[in-house]
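Notes follow the structure.
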There are 2 protein chains.
Amino acid sequence: MSERDNTEAETPAKSVLVLDAARALFIEHGFGATSMDAIAARAGVSKATVYAHYASKQALFAATTQRECRRVHERMALPQDVTGLPLAQALSTIGHAFLQAILSAQNLTLLRMVAAELPRFPELGTIFYDSAPGRTLASVRAYLEQARAHGLIGDCDCALVAAQFLGALRGDLQIRALLGITPAVADIDAVVDEAVALFVTRYAVVTPAEGGR
Amino acid sequence: MSERDNTEAETPAKSVLVLDAARALFIEHGFGATSMDAIAARAGVSKATVYAHYASKQALFAATTQRECRRVHERMALPQDVTGLPLAQALSTIGHAFLQAILSAQNLTLLRMVAAELPRFPELGTIFYDSAPGRTLASVRAYLEQARAHGLIGDCDCALVAAQFLGALRGDLQIRALLGITPAVADIDAVVDEAVALFVTRYAVVTPAEGGR
DNA sequence: GTCTATATGAAGATAGAC
DNA sequence: GTCTATCTTCATATAGAC
């Protein structure tokens with residue numbers, strides 16, 4: 001507590017070791033199949049130490065999930081400012097970043113964990129949604145509103161369009177990945193290109209060159 | 001699920017009673033939090049009887065999930081033949097049926113269960129996918145190929161278009177519902193109309209009137 | 001096949017020394 | 001705060017009678 005920051009080698013901080021171990025095991029085996037013994041062993045501490053920092057297995061799970069949500073939240077920020085780009089290029093950039101994010105093992109396992117324990121931790125559903133998919137949706141919506149203000153796209157319900165653009169990108173890739181059926185990476189480019197073409201065709205005010213293909 | 005009646009009160013079939021009880025409890029509490037004692041009690045049989053029919057809790061879970069997949073599989077069939085309809089109307093019909101299906105409590109809880117226990121039962125992911133989302137995708141793809149053959153839509157990758165159409169319908173509704181954030185039902189019509197307009201605009205060979213609304 | 005009763009073991013949580 | 005050792009509960013699975 002008192003010594004929070006070390007300028008050099010960061011504090012091993014048992015509580016963080018425990019959290020890291022819990023994260024790894026919850027992700028790998030799920031909540032039910034992960035024991036506090038296993039977490040303590042992996043963290044290299046005793047079980048009593050685990051309980052000194054987290055009052056129960058559920059509290060540890062909640063702490064793990066919320067930290068993970070914060071991390072995903074940070075990773076979900078758009079990689080660069082796409083405001084200046086042409087519409088198709090901006091959408092393509094967004095699309096690639098989005099698919100990479102939602103298909104990452106980190107995101108998928110977190111989603112699985114939260115969905116799995118939703119009966120036990122209902123509030124985690126909202127926390128996760130606001131951290132990841134809701135946040136991305138808000139970003140894209142904001143971009144579309146800006147694009148509309150700049151005359152790149154016509155009048156539309158930007159929230160709905162953003163949701164459908166992200167949905168078209170998802171296709172069935174996300175649910176397949178969620179179910180453990182990993183998609184061929186080669187498909188990703190085709191998916192993004194087609195989704196971009198789809199939305200440019202419908203919403204773009206000026207179609208600079210041609211539709212997608 | 002309340003009454004499976006036989007014409008002759010012959011077989012209440014304990015194995016089915018057990019399966020029904022297991023289904024209800026797994027859905028309500030998940031795999032980990034459901035005990036064999038509870039299942040036996042709910043089915044009105046002894047625990048030994050449960051084990052006489054299902055070798056283990058895992059086997060019972062697998063049997064429950066697979067039966068549920070078969071049921072969802074049947075419900076997922078398109079409600080009517082849309083082949084004769086105009087494109088926009090056919091897509092609209094498909095869209096409403098699809099959203100109703102994926103947002104149903106039955107489908108969501110099953111998806112949650114399968115995702116939750118994926119580490120323990122990896123093969124259930126594929127079974128569920130083929131039963132529900134994969135099956136719907138195949139139906140829509142088949143419809144699109146027929147529509148293409150009839151000249152309603154131009155040349156395209158029907159599998160990809162089907163996936164993106166269903167994805168646009170999903171938007172973030174499915175993931176929200178999965179996370180326990182139930183959407184306003186009023187939105188559904190707007191979502192379907194906009195998605196139909198989107199795909200008609202891009203793919204229809206003849207645009208009869210205008211997009212959806 | 002079905003029951004009552006029980007063995008077995010795992011896992012969440014704690015006591016008390018240091 | 002951290003450890004070793006232990007307590008307690010409870011769920012899976014089985015034994016044996018009918």
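Only this structure's heavy atoms are used, side chains among them; waters, hydrogens and symmetry mates stay out. Residue numbers begin at 1 in each chain, while the letters A, B, ... track the order of the sequences. Keep in mind that this is a model prediction, so the values were computed, not measured.
Between K14(A) atom NZ and dT2(D) atom P there is a gap of 5 Å when expressed in whole angstrom units. Remark: P of dG12(C) and OH of Y54(A) are 16 Å apart, rounded to the nearest angstrom. Atom P of nucleotide dA11(D) and atom CZ of F26(B) are separated by 13 Å, given to the nearest angstrom. A straight line from CG of L17(A) to P of dG1(D) spans 14 Å, rounded to a whole angstrom. Nucleotide dG16(C) holds its C1' atom 18 Å from the OH atom of Y51(A), rounded to whole Å. Remark: C1' of dA13(C) and CZ of F61(A) are 19 Å apart, rounded to the nearest angstrom.
When heavy atoms are screened at a 4.0 angstrom cut-off, T34(A) is found touching the sugar-phosphate backbone but no base atom.
When distances are taken from the side chain of S46(B) to each of dG12(C), dC3(C), dT14(D), the shortest belongs to dC3(C). Comparing dT2(C), dT12(D), dG12(C) against the side chain of S35(A) picks out dG12(C) as the nearest. When each of dG12(C), dC3(D), dT2(D) is scored by its nearest atom to the side-chain atoms of M36(A), the top-ranked nucleotide is dG12(C). In the set dT2(C), dA15(C), dA13(C), dA15(C) carries the atom at the smallest distance from any side-chain atom of A48(A).
Residues K57(A) and K47(B) each lie close to DNA chain C; by heavy-atom proximity, the contact nearer the 5' end of the strand is made by K47(B). Mapping G44(A) and D37(B) onto DNA chain D via the closest heavy atom, the residue that lands nearer the 5' end is G44(A).
Rounding to the nearest 0.5 Å gives a distance of 11.5 Å between OG1 of T109(A) and CG of L118(B).
A salt bridge is defined here as a Lys NZ or Arg NE, NH1 or NH2 lying under 4.0 Å from an Asp or Glu carboxylate O, and E74(B) with R70(B) fails to meet this definition. The pair D20(A)-R67(A) meets the salt-bridge criterion, since a charged nitrogen lies less than 4.0 angstrom from a carboxylate oxygen.
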Should D37(A) and S35(A) be marked as a side chain to side chain donor-acceptor pair (under 3.5 Å) after you check the CA-CA gap, both sets of side-chain angles, and the distance that decides it? CA-CA 5 Å; D37(A) 289 273; S35(A) 71; 4.6 Å; no

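Shown here for L60(B) and V50(B), the closest heavy-atom pair between the two residues is CD2-CG1, 4.2 Å.
Using a 4.0 Å cut-off, some side-chain N or O of T49(B) falls inside it from OP1 or OP2 of dC3(C).
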